[in-house]
A.B. asks: 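Below are the structure tokens for one structure; questions will follow.
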Amino acid sequence: MTVKIAPSILSADFARLGEEVRAIDSAGCDYIHIDVMDGHFVPNLTIGPAVIKALRPHTTKVFDVHLMIEPVDPYIEAYVDAGSDIITVHAEAGRHLDRSLQLIRSFGRKAGVSLNPATPESAIEYVLDRLDLILVMSVNPGFGGQSFIPSAYDKIRRIRQMIGDRPIEIEVDGGVTAANARDVAAAGARVLVAGSAVFRSADYAGNIAALR
Ligand code: DX5
Ligand code: ZN
């Protein structure tokens with residue numbers, strides 16, 4: 001099974017972010033997963049559009065931007081201008097998910113939606129045709145290094161069924177390791193986010209290869 005690997009730079013050395021992005025690029029990653037947290041939707045604060053913009057010249061790989069912020073609509077344009085390729089919003093973070101997804105696509109970017117572990121897949125049933133990516137959270141968002149919540153397997157399988165032949169990628173985020181990557185892919189995911197599993201040791205290429 002071919003999977004894409006999206007290292008989360010949340011686990012990178014923030015004092016050397018440009019260098020870290022170049023390192024995962026040459027180590028063979030597919031996407032660069034960027035976790036944006038606001039200290040309100042999730043209990044942690046990370047980086048914003050200025051940092052993403054500064055990283056943009058360091059790689060040509062896809063910037064997969066995971067927005068854990070509420071509200072989200074007023075900030076979409078800033079993440080477009082920063083150079084995001086995929087912009088993912090949380091289904092729980094706004095009252096008008098359909099509008100948020102239309103807004104992202106109006107800028108010509110790919111639109112994703114993320115579901116927290118407690119959110120059922122039915123939350124996205126009526127927006128499937130507006131989606132390029134579905135991000136299934138397998139931890140409660142906010143921090144790297146947490147353990148994979150097994151109920152995600154069932155959710156991935158159900159989403160796989162729901163999307164039918166639509167060209168939507170299923171991505172999984174949180175607690176993905178070389179030990180469970182095969183099961184995550186078998187359930188139907190095709191993009192694996194990994195923070196600690198990639199940055200755990202200096203051998204990024206080896207860590208990415210182990211996930212594949
Ligand atoms: C969690 C973030 C994840 C996180 C994954 O809120 O969305 O992307 O960095 O980290 P690991 O792979 O360490 O669970
Ligand atoms: Zn993430």
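Because the structure is predicted, anything quoted here is derived from the model rather than measured. We're numbering straight along the sequence, starting at 1. Atoms within a ligand are numbered from 1 in the order they appear, just like the ligands themselves.
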A.B. asks: Got Leu67 and Ile76 here, is their nearest side-chain heavy-atom distance under 4.5 Å?
C.D. replies: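 The answer is yes, as the side chains (C-beta and beyond) meet within the 4.5 Å cut-off.
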
A.B. asks: Mind listing the protein N/O/S atoms less than 2.8 Å away from the Zn ion (ligand 2)? Waters don't count.
C.D. replies: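 Short answer, with waters excluded from the count: His33 NE2, Asp35 OD1, His66 ND1, Asp173 OD2.
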
A.B. asks: Taking salt bridge (charged side-chain N to carboxylate O under 4.0 Å, His left out) as the cut-off, I'd like each qualifying pair that reaches into residues 74-96, sequence neighbours left out, listed once.
C.D. replies: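 Residue pairs with at least one partner in residues 74-96: Arg56-Asp85.
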
A.B. asks: Counting heavy atoms not belonging to Lys53, are there more than 12 under 6.0 Å from its NZ?
C.D. replies: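 No, NZ of Lys53 has 12 or fewer neighbouring heavy atoms, counting only those of other groups under 6.0 Å.
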
A.B. asks: Which pairs count as salt bridge (charged side-chain N to carboxylate O under 4.0 Å, His left out) when at least one residue sits in residues 170-179, sequence neighbours excluded?
C.D. replies: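 Sorted result for residues 170-179: empty, none.
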
A.B. asks: Can you say whether the rings of Tyr153 and Phe148 are parallel (under 30°), tilted (30 to 60°) or perpendicular (over 60°)?
C.D. replies: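 Plane angle between 30° and 60°, so tilted.
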
A.B. asks: Is the distance from the ring center of Tyr79 to that of Phe107 below 6.0 Å?
C.D. replies: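 No, they do not, as the ring centres are separated by 6.0 Å or more.
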
A.B. asks: Taking side chain as C-beta onward, heavy atoms only, is Ile163 less than 4.5 Å from Leu131?
C.D. replies: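 Ile163 does not reach Leu131 side chain to side chain.
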
A.B. asks: What does the list of residues with a heavy atom under 4.0 Å from ligand 1 look like, ordered by chain and number?
C.D. replies: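 Contacts of ligand 1 under 4.0 Å: Ser8, Leu10, His33, Asp35, Met37, His66, Met68, Met137, Pro141, Gly142, Phe143, Gly144, Gly145, Asp173, Gly174, Gly175, Val193, Ala194, Gly195, Ser196.
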
A.B. asks: Is there side-chain contact between Val193 and Val172, with heavy atoms separated by less than 4.5 Å?
C.D. replies: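 In short, these two side chains do not touch, never coming nearer than 4.5 Å.
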
A.B. asks: Contact between Lys61 and Cys29 at the side-chain level, heavy atoms closer than 4.5 Å - yes or no?
C.D. replies: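 SC-SC contact between Lys61 and Cys29 confirmed.
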
